[in-house]
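Reckoned from all heavy atoms, side chains included, excluding hydrogens, waters and symmetry mates. Chain identifiers are assigned alphabetically (A, B, ...) following the order of the sequence lines, protein sequences preceding nucleic acid strands; residue numbering begins at 1 within each chain.
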Amino acid sequence: MTKEAIRFGLCCIFKEQPIKFRTTTAKYLSQFPVEEQKNRLSKICLSNAKTLLKALAFCHQHHIGSFRINSQILPLKTHPQQGYNVRDLPKADQIIKNFMACGKFSLEHDIRTTFHPDQFIVLSSVHPDVVKRSKADLEYQAEVSQWVNADVINIHAGGVYNDKPSALSRLRKVIDSLPDPVRKRLTLENDDKSYSPEDLFPVCRDMEIPLVYDVHHHRCLKDNLSIKDATDLSADTWNREPLFHISSPINGWKSPDMRKHHDFIAVNDFPRNWMSMKITVEVEAKAKEVAVLKLMKELFCDGK
DNA sequence: AGCGGTCAAGTTGAT
DNA sequence: ATCAACTTGACCGCT
């Protein structure tokens, strides 16, 4: 086992490894009778549960200590028309059994798992329907989290609607209404154009929500805090191992599209003050497992 | 086997 | 007013 303190995280998919999650679309499924739709969904869910175990095994083998689970691990789970309960699918028991095997594996081998619902989940929205669907999605991810022992469901604060205080106040209210399995896993992340760490700390402190500090986003959307300060304040919001994000811009820090992610992490983008911390760092890079392994090597093997 | 078109969802900001 | 970007492919259906 590696002796360094930092636990690196791989996000959702692989670049070179033949480990692939399956998916489908509502439009394609809708051509089949309902029973056939359930059969197809069941096959995909079962396949994804088994693939997740392979993903975790790869991480374990290569000393990657954390894995982010794709939001579509159960495709269309909360779709307005094609949504479903896993219990209503053929072979539901097998699907759940296989996910629970992932939970057992990650506990035994200390692989941390996380979720990161995508941009459509907006708890601060002015539209009640959007909030309702967002909550349904969070509940689905909390359900899977319980099977696989994921301890983080990480979201952004959402839209601003020209009035940040109101948006944050709506956010607080909705967070207060979340069921416990979601609430105890929920984290907030600073984003690259609306909410800086400074914007989010009051909510995090008042409501005991951990802040996932994304240093790349912080470099895109600055506030009055230094990286060191934001790091320490973020770490303080965690009642368990803090989770941070790292990525590098595709064309350097001066390009207009610096928000886009590079294939790899430039080792100089990795904050030096993180080196001695007991943290999880999810690596957001397009080269996926290749980038995680390269960064680990450069930080801990090539350095002095 | 290879390739192009398509896919549930929200919000922002560039054109 | 429209539309790409964000994430980021994977899949289907055609050649």
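Of all heavy-atom pairs spanning A:Ser234 and A:Tyr213, the tightest one is OG-CB, 3.4 Å. Scanning all heavy atoms of the two residues, the minimum distance from A:Ala49 to A:Asn98 falls at CB-CB, 3.6 Å. For A:Ser196 against A:Asn190, the heavy-atom pair with the smallest separation is C-CB, 3.9 Å.
Considering only the side chain of A:Ile13, C:dT8 comes nearest among C:dT8, B:dA9, B:dA8. Taking only side-chain atoms of A:Arg22, from C-beta outward, the nucleotide of C:dC11, B:dA8, B:dT12 with the closest atom is C:dC11. Considering only the side chain of A:Val122, B:dG10 comes nearest among C:dG13, B:dA8, B:dG10. Closest to the side chain of A:Asp118, out of B:dT12, B:dA9, C:dT7, is B:dA9. In the set B:dA8, B:dG10, C:dG13, the nucleotide with an atom closest to the side chain of A:Tyr28 is C:dG13. Here C:dA10 is the nucleotide among B:dG10, C:dG13, C:dA10 with the atom lying nearest to any side-chain atom of A:Thr23. Nearest to the side chain of A:Lys20, among C:dT7, C:dA10, B:dT12, sits C:dA10.
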With B for base contact, S for sugar-phosphate-only contact and - for none (protein heavy atoms under 4.0 Å), nucleotides 2-7 of chain B reads -----S

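The nearest whole Å value for the distance from the OH atom in A:Tyr161 to the C1' atom in B:dG13 is 15 Å. One can place CD1 of A:Ile121 at 15 Å from P of C:dT7, the figure rounded to the nearest angstrom.
Side-chain N/O atoms of A:His127 include one lying less than 4.0 angstrom from OP1 or OP2 on B:dT11. In this structure, A:Lys288 reaches the C:dT8 phosphate: one of its side-chain N or O atoms is under 4.0 Å from OP1 or OP2. The shortest distance between the side-chain N/O atoms of A:Arg68 and the OP1/OP2 oxygens of C:dT7 is not below 4.0 Å.
For the P atoms, the distance from B:dG5 to C:dA5 is 16 Å, rounded to whole Å. Across the P atoms, C:dC3 and B:dC7 are found 15 Å apart, a figure rounded to whole Å.
Centre separation under 5.5 Å together with a plane angle under 30° does not hold for the ring of A:Phe120 and the six-membered base ring of B:dG10, so they are not marked as stacked.
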Report the secondary structure of DNA chain B in dot-bracket form, marking unpaired bases with a dot and bases paired to a different strand with |, and treating Watson-Crick or G-U pairs with both distances under 3.5 Å as paired.
-> |||||||..||||||

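Clustering of Ile, Leu, Val, Met, Phe, Trp and Tyr by side-chain heavy atoms under 4.5 Å joins A:Ile44 with none of the others.
In this structure a side-chain-to-backbone donor-acceptor pair under 3.5 Å is present from A:Lys164 to A:Ser194. Here the side chain of A:Tyr140 pairs no donor or acceptor atom with the backbone of A:Lys135 at under 3.5 angstrom.
Between A:Arg87 and A:Asp93, at least one side-chain nitrogen of the basic residue sits less than 4.0 Å from a carboxylate oxygen of the acidic one, meeting the salt-bridge criterion.
Ring geometry for A:Phe270 against A:Phe8 counts as tilted: the plane angle lies between 30° and 60°, on a 0 to 90° scale. Using the six-membered ring where Trp is involved, A:His116 and A:His156 have ring planes that are tilted, between 30° and 60° apart.
In this structure, A:Arg185 forms no cation-pi arrangement with A:Phe115, as its terminal cationic atom is not both closer than 6.0 Å to the ring centre and no more than 45° off the ring axis.
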